[in-house]
Visitor: 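One structure is given below, represented as structure tokens, and several questions about it will come after.
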Amino acid sequence: MNTRFAGVSASILDAIGDTPLLEIEGIYAKLEFLNPSGSIKARIAKYMIERAEREGLLKPGDTIVEATSGNTGNALAMVAAVKGYRMLVVMPEGLSSERVAISRAYGAEVLFCGRCHVNDALAKARELGRQSGHFCPRQFDSEWNVEENRRVLGPEILAQLPTGRVPDALVAGVGTGGTLIGVGQAFRAVNPAIRLFAMEPSESCTLLCGEIALHQIEGISDGFVPGIFQRHASMVDEMLSVSSSEAIESMRHLARRHGLFCGPSSGAHLLAAHRGHTVLRRRREVLAGTLHARRQRQRRTLRVSPPRAERSVTLR
């Protein structure tokens with residue numbers, strides 16, 4: 001009998017990654033909500049903390065502190081619990097209460113700073129991270145974030161694609177930008193002509209035109225342009241936007257039609273993948289993105305692909 005885990009695992013962190021790649025509505029969808037902590041962010045949480053340990057930036061008894069709109073805080077809280085660190089999650093008020101409850105369930109302290117957008121929380125986390133005995137992973141700026149996506153997630157997806165297929169395009173919502181840029185780098189190594197599409201809410205097109213407004217697609221468009229995106233913006237070929245109402249309707253479609261209990265960001269990725277596929281409909285292969293996290297009474301992760309000869313995948 002085939003089994004993913006042939007032996008006894010040392011900890012829940014062993015279950016991070018190696019998630020299924022699903023074909024749905026002509027899009028390849030990576031089921032990242034199956035990661036422990038419920039989202040794609042489990043990957044960078046483990047990767048960045050273990051890099052910090054190897055670099056001597058984290059020692060027993062230290063506190064990890066990070067700004068987040070929810071999922072990275074949950075993931076880091078899980079990793080901190082397993083490894084014995086204290087965890088301080090800094091996040092704005094006004095986001096889903098489930099995210100706060102999950103971090104606290106892992107034993108993290110939650111500090112509220114600002115409302116809805118992450119700007120104030122980001123400044124506070126950086127300030128606290130400079131204190132003795134504290135470490136801030138700086139998810140929005142760290143090249144370790146990009147590195148994990150380039151070295152681990154990108155090759156994992158490529159290995160799961162049907163033999164002979166390479167992606168023509170990648171669509172990903174921008175929270176930190178790490179997934180879009182890192183996976184994009186991995187894909188460009190096998191197809192230099194691949195096109196990268198960045199997705200953001202139509203109510204808050206921060207990357208495209210500097211708009212900052214409230215929206216219901218938590219986890220992307222956090223109120224500023226992340227450092228990772230600023231440094232690598234030249235890699236991105238085009239922007240796509242999806243409204244909150246469209247994302248929520250698409251989220252419901254995923255649950256009722258396909259049995260995928262995701263959130264608004266996953267619904268947004270599905271729509272963006274289809275729109276990216278339309279833009280490139282004459283190309284043979286489209287990789288559009290992922291649905292990132294399980295729905296928290298309301299959210300998130302997946303990747304998708306079109307039937308026939310054309311394919312899309314979405315990432316978050």
Visitor: How would you list all residue pairs meeting salt bridge (Lys or Arg N to Asp or Glu O under 4.0 Å) that involve residues 101-112, not counting sequence neighbours?
Guide: none
Visitor: Does any N or O in the side chain of Gln160 come within less than 3.5 Å of the main-chain N or O of Thr19, such that one atom is a donor and the other an acceptor?
Guide: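 Yes, because the side chain of Gln160 sits within donor-acceptor range (under 3.5 Å) of the backbone of Thr19.
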Visitor: Assess the side chains of Glu218 and Ser96: does a donor N or O sit below 3.5 Å from an acceptor N or O?
Guide: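 There is such a pair between these side chains.
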Visitor: Which ILVMFWY residues can you reach from Val118 by hopping between side chains whose heavy atoms are under 4.5 Å apart?
Guide: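 Listed partners: Leu122, Phe140, Phe224.
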Visitor: With side chain to side chain contact (heavy atoms under 4.5 Å, CB included) as the criterion, how do Thr206 and Glu211 come out once you've worked through the C-alpha distance, each side chain's angles and the decisive distance to 0.1 Å?
Guide: CA-CA 5 Å; Thr206 307; Glu211 291 179 348; 5.5 Å; no
Visitor: Hydrophobic clustering (ILVMFWY, side-chain heavy atoms < 4.5 Å, transitive) - are Leu214 and Met91 grouped together?
Guide: no
Visitor: Can you sort out the partners of Glu203 under side chain to side chain donor-acceptor pair (under 3.5 Å), two or more places apart, ordered by chain and number?
Guide: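 Residues passing side chain to side chain donor-acceptor pair (under 3.5 Å) with Glu203: Ser244.
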Visitor: Test Phe135 against Ile49 for side chain to side chain contact (heavy atoms under 4.5 Å, CB included), laying out the working first.
Guide: CA-CA 9 Å; Phe135 170 70; Ile49 293 308; 4.2 Å; yes
Visitor: Measure the spacing between CE of Met199 and CG of Leu240 and express it to the nearest 0.5 Å.
Guide: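 That separation rounds to 8.5 Å.
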Visitor: Closest heavy-atom contact between Pro226 and Gly175?
Guide: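 Closest approach of Pro226 to Gly175: CG-O, 3.6 Å.
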Visitor: I need the minimum non-hydrogen distance between Ile212 and Gly223, along with the two atoms involved.
Guide: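 Minimum heavy-atom separation between Ile212 and Gly223: CD1-O, 3.1 Å.
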Visitor: Is Val90 isolated, or which residues cluster with it under the ILVMFWY side-chain rule of less than 4.5 Å, directly or via members?
Guide: Val65, Leu88, Leu111, Leu128
Visitor: According to the ring-ring contact (aromatic ring centres under 6.0 Å, His included) rule, which pairs have a member within residues 98-119, sequence neighbours left out?
Guide: none
Visitor: Please walk me through it: do Ile16 and Tyr47 pass side chain to side chain contact (heavy atoms under 4.5 Å, CB included)?
Guide: CA-CA 10 Å; Ile16 295 174; Tyr47 191 89; over 6 Å; no
Visitor: Write out all pairs satisfying salt bridge (Lys or Arg N to Asp or Glu O under 4.0 Å) with one or both partners inside residues 269-279, taking only residues at least two apart or from two chains.
Guide: Glu246-Arg275
Visitor: With a cut-off of 3.5 Å and sequence neighbours excluded, list every side-chain donor-acceptor pair involving residues 52-59.
Guide:
| residue | atom | partner | partner atom | Å |
| --- | --- | --- | --- | --- |
| Glu53 | OE1 | Lys83 | NZ | 3.3 |
| Glu53 | OE2 | Tyr85 | OH | 2.7 |

Visitor: So, His277 versus Glu25: side-chain donor-acceptor pair below 3.5 Å or not?
Guide: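 Their side chains do not contain a donor-acceptor pair, so the 3.5 Å distance test is not met.
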Visitor: Can you list every pair that meets salt bridge (Lys or Arg N to Asp or Glu O under 4.0 Å) and has a residue in residues 122-135, with sequence neighbours left out?
Guide: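 Checked against salt bridge (Lys or Arg N to Asp or Glu O under 4.0 Å) - neighbours excluded - the pairs reaching residues 122-135 are Lys124-Glu127, Arg126-Asp141.
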Visitor: Taking only residues two or more places apart in sequence, or in another chain, which ones meet Ser234 in a side chain to side chain contact (heavy atoms under 4.5 Å, CB included)?
Guide: none
Visitor: According to side chain to side chain contact (heavy atoms under 4.5 Å, CB included), who are the partners of Arg188, at least two apart in sequence or on a separate chain?
Guide: Ile194, Leu196, Met235, Asp237
Visitor: Working to the nearest 0.5 angstrom, can you tell me the gap between Leu95 CG and Gln216 CD?
Guide: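 Going from the CG atom of Leu95 to the CD atom of Gln216 covers 11.5 Å.
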Visitor: Check this for me: does any side-chain nitrogen of one of Arg138 and Glu66 sit under 4.0 Å from a carboxylate oxygen of the other?
Guide: no
Visitor: Contact between Pro201 and Ser221 at the side-chain level, heavy atoms closer than 4.5 Å - yes or no?
Guide: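 Answer yes - side chains close enough.
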Visitor: Kindly give the heavy-atom pair with the smallest separation between Val171 and Ala272, and that separation in Å.
Guide: CG1-CB, 3.6 Å
Visitor: My understanding is that only residues two or more places apart in sequence, or in another chain, count here; which of them pass side chain to side chain contact (heavy atoms under 4.5 Å, CB included) with Ser202?
Guide: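 For Ser202 the side chain to side chain contact (heavy atoms under 4.5 Å, CB included) partners, ignoring immediate neighbours, are Ser241, Ser243.
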Visitor: Has Ser204 got a side-chain atom pairing as donor or acceptor with Glu200's backbone, closer than 3.5 angstrom?
Guide: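 Checked: no pair found.
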Visitor: Please assess Leu158 against Phe187 for the test side chain to side chain contact (heavy atoms under 4.5 Å, CB included), listing each intermediate value before the final yes or no.
Guide: CA-CA 8 Å; Leu158 291 171; Phe187 288 177; 3.6 Å; yes
Visitor: If you measure from the Lys or Arg side-chain nitrogens to the Asp or Glu carboxylate oxygens, is any gap between Glu32 and Arg43 under 4.0 Å?
Guide: yes
Visitor: Side chains of Asn74 and Ser103: any donor to acceptor distance under 3.5 Å?
Guide: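 On atom types as modelled, these side chains qualify, holding a pair under 3.5 Å.
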Visitor: Could you tell me which residues satisfy side chain to side chain donor-acceptor pair (under 3.5 Å) with His215, sequence neighbours excluded, listed by chain and number?
Guide: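 Side chain to side chain donor-acceptor pair (under 3.5 Å) list for His215, sorted by chain: empty.
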Visitor: Are Phe229 and Leu208 grouped together when hydrophobic residues (ILVMFWY) are joined by side-chain heavy atoms under 4.5 angstrom apart?
Guide: yes
Visitor: Same cluster or not: are Val225 and Ile181 linked, directly or through other Ile, Leu, Val, Met, Phe, Trp or Tyr residues, by side-chain heavy atoms under 4.5 angstrom apart?
Guide: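 Yes; tracing contacts between hydrophobic side chains, which count when under 4.5 Å, links both residues.
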